[in-house]
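Take a look at the structure below.
Bear in mind the structure is a predicted one, so any value in this text is a computation, not a measurement.
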Amino acid sequence: MSAFAVLSRPLAASNAPSLLSNVGVIARRELRDAIRSRWFLLYTLAFVVLGLAVSFVSAAGTGGTGLSGFGRTTAGLINLVLLVVPLMALTAGAASIASDRERGMLAYLLAQPVTRAEVVLGKYLGLALSLFASLSLGLGTCAVILAWKGVRTSPSSIVWLAGLSMLLALGMLSLGFLISVLARKASVAVGTAIFVWLSLVFVSDLALMAGAVALRLRIERLFALSCANPLQVFKMWSLHAVDASLDVLGPAGLYATEEYGRWLHAIFAGCMIVWIVVPLAAAALVLSRRSPL
Amino acid sequence: MITIQNVTMKFGRTAAVADASLDLAAGDSLALWGTNGAGKTTLIRCVLGLLRYQGTITIAGYDAWRDGKAARLQVGYVPQELSFYDDLGVGEAIAYFSRLKGLSRVGVAEALDNVGLADHARKRVRELSGGMKQRLALAIALLGDPPVLVLDEVTASLDAVGREEFVALLERLSGSGRTMLFASHRIEEVAALARRVAVIEKGRITGVEPCSQFVAKLGRGAVLHLHLAPRVRERALASLRQGGFAPSLNGVGVLVPVTPEQKAAPFRVLAEARIQVDDFELVSFAHAAVMAANREEARS
């Protein structure tokens, strides 16, 4: 053992690591942990397998070739993304801070020269990158295998779908983080995340339909309510980007196309940005006011 | 180096720390002494900026809450038990925290050598014993040579050998000019490391005095450390209280202050309650007083 240095001088505040440095260090650690974990592998595998199954079933219905074939394939993949990506992102976000708090790791981390905002941003960035990796691997594998099997694919559709899936993942991850800082236990956080996922995927659709009939909602209000659900925004934006028409969504889709036309991209982007920024900012705010113990 | 002024921290309506004030000059070593739940750990968490409090805490002139990052840069912290990613390598853990402390050079070998873990750099954290984990926590705390060390009952979960080795390591550190603030309810630890002792009861600091004076006041008695299985600890506490003792919980069992005439009595009480004692230690206040006096003499 060597001798300890003799020291009593304070360290200058300028020696403290910058926000960017700390966010980068925490993000790298989070990314490595996520990639090493079983959930990452399982979700990616499930996404690839289900994506291929959906693609081939959709393509088989149209003889397996042609852009109309891929239109159906894309629609199938959109539905798959709607189910799998929110579940992945919500549960990953919900588990992150709550499980660290439960194991005492959050308090230990915050006892270092690190701010709470840096911890939230670092963890968010790390998990977002791991989700990007998983989605790229899943969608990329699907695209390559479909092309190899002779199903003609439109590269722009795949790029749109991948980009929008990642935006959806970011929004759901933010929501997961908010759940995570509010919950006392990791199990409660993950349970709440699954409940939120069920609500967004199934309940909100049914509620919207029931509300439209029972309350005789006007078409513009129906469209506005749809924009309040990030999954609906993703669905409308994907269809709009790939097909350039929301007719398949019925009267609300027709109304949106006619009323907003080329502004639809901006409207959907605005909704998604709100879903990404607001829950994440709320999560950072809640953590800055709550005990990390 | 550390100034705590009129600090109050409440959980709901209960004040865990009430109007606490302390001042630690550079190189000072102060022990927070009190039973479990007295408020020692809460005060330490306030110093680290983990809990919000009323009052003022500054470390090297930086406000612990408002300038938390700069304040914590001055501090190396060792918790009761290291909670960290178990699958991380020991060397990786050192590298990770070096970066978080803004160190451009990561001296893994040097950091581990300081605490006698040089041969364990390639192990995973989960492969380390409790004592080794605490050494790793100390190595992390010392990264970047912070002028302040904050220790929270660092030996509470260690066995007798692990505790002795860890305290010896801390004793070497206490002469390095760092300011030390630590919580403990082990008198031999306090006698070995502290210059002054702040007694904390129900969140209030009831007195601060030189260590030798504090230990001498405890008299001829001793503290019996009884190692008990976790499932019987609460029952043991109740039985001992009924038997007229004032026991308190610690990491491995219960602590029972005893007079020289009643050292065996707690065993009788527990045997009657059919509670098995796994192991025990008897720490005499007289021995601790000699340790503290010797240290004071060595300093002067």
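- Interatomic distance, A/Arg32 CZ to B/Asp87 CG, rounded to the nearest 0.5 Å: 9.5 Å.
- For A/Arg290, the CZ atom sits in a packed shell: over 12 heavy atoms of surrounding residues, nucleotides or ligands are nearer than 6.0 Å.
- At a 4.5 Å heavy-atom cutoff, the contact between A/Ser288 and chain B is made by backbone atoms alone.
- Here the NZ-CD distance, from B/Lys101 to A/Gln112, works out to 5.0 Å after rounding to the nearest 0.5 Å.
- Here OG of A/Ser291 is found 12.0 Å from CZ of B/Arg52. Values are rounded to the nearest 0.5 Å.
- Dense packing is recorded around CD of A/Glu30, with more than 12 heavy atoms of other residues, nucleotides or ligands lying under 6.0 Å away.
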Might you work through the side chain to side chain contact (heavy atoms under 4.5 Å, CB included) test for A/Tyr108 and B/Leu50, ending with a clear yes or no? CA-CA 9 Å; A/Tyr108 187 60; B/Leu50 296 176; over 6 Å; no
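- Between chain A and the options B/Leu73, B/Val148, B/Leu48, heavy-atom pairs under 4.5 Å are most frequent for B/Leu73.
- Side-chain atoms of B/Leu100 and A/Ile26, non-hydrogen and from C-beta on, do get closer than 4.5 Å to each other.
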Give the intermediate values and the outcome of salt bridge (charged side-chain N to carboxylate O under 4.0 Å, His left out) for residues A/Arg36 and B/Glu92. CA-CA 15 Å; A/Arg36 281 181 189 174; B/Glu92 280 180 294; 3.5 Å; yes
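- Looking at B/Arg99, its side chain never comes within 3.5 Å of a backbone N or O of A/Gly24 through a donor-acceptor pair.
- Per-residue counts of heavy-atom pairs under 4.5 Å with chain A were compared for B/Asp67, B/Val150, B/Leu103, B/Leu88; the largest is that of B/Leu88.
- The parts of B/Tyr96 that come within reach of chain A are both its backbone and its side chain, each placing non-hydrogen atoms under 4.5 angstrom from that chain.
- The CG atom of A/Leu110 sits 12.0 Å away from atom NZ of B/Lys69, with the distance rounded to the nearest 0.5 Å.
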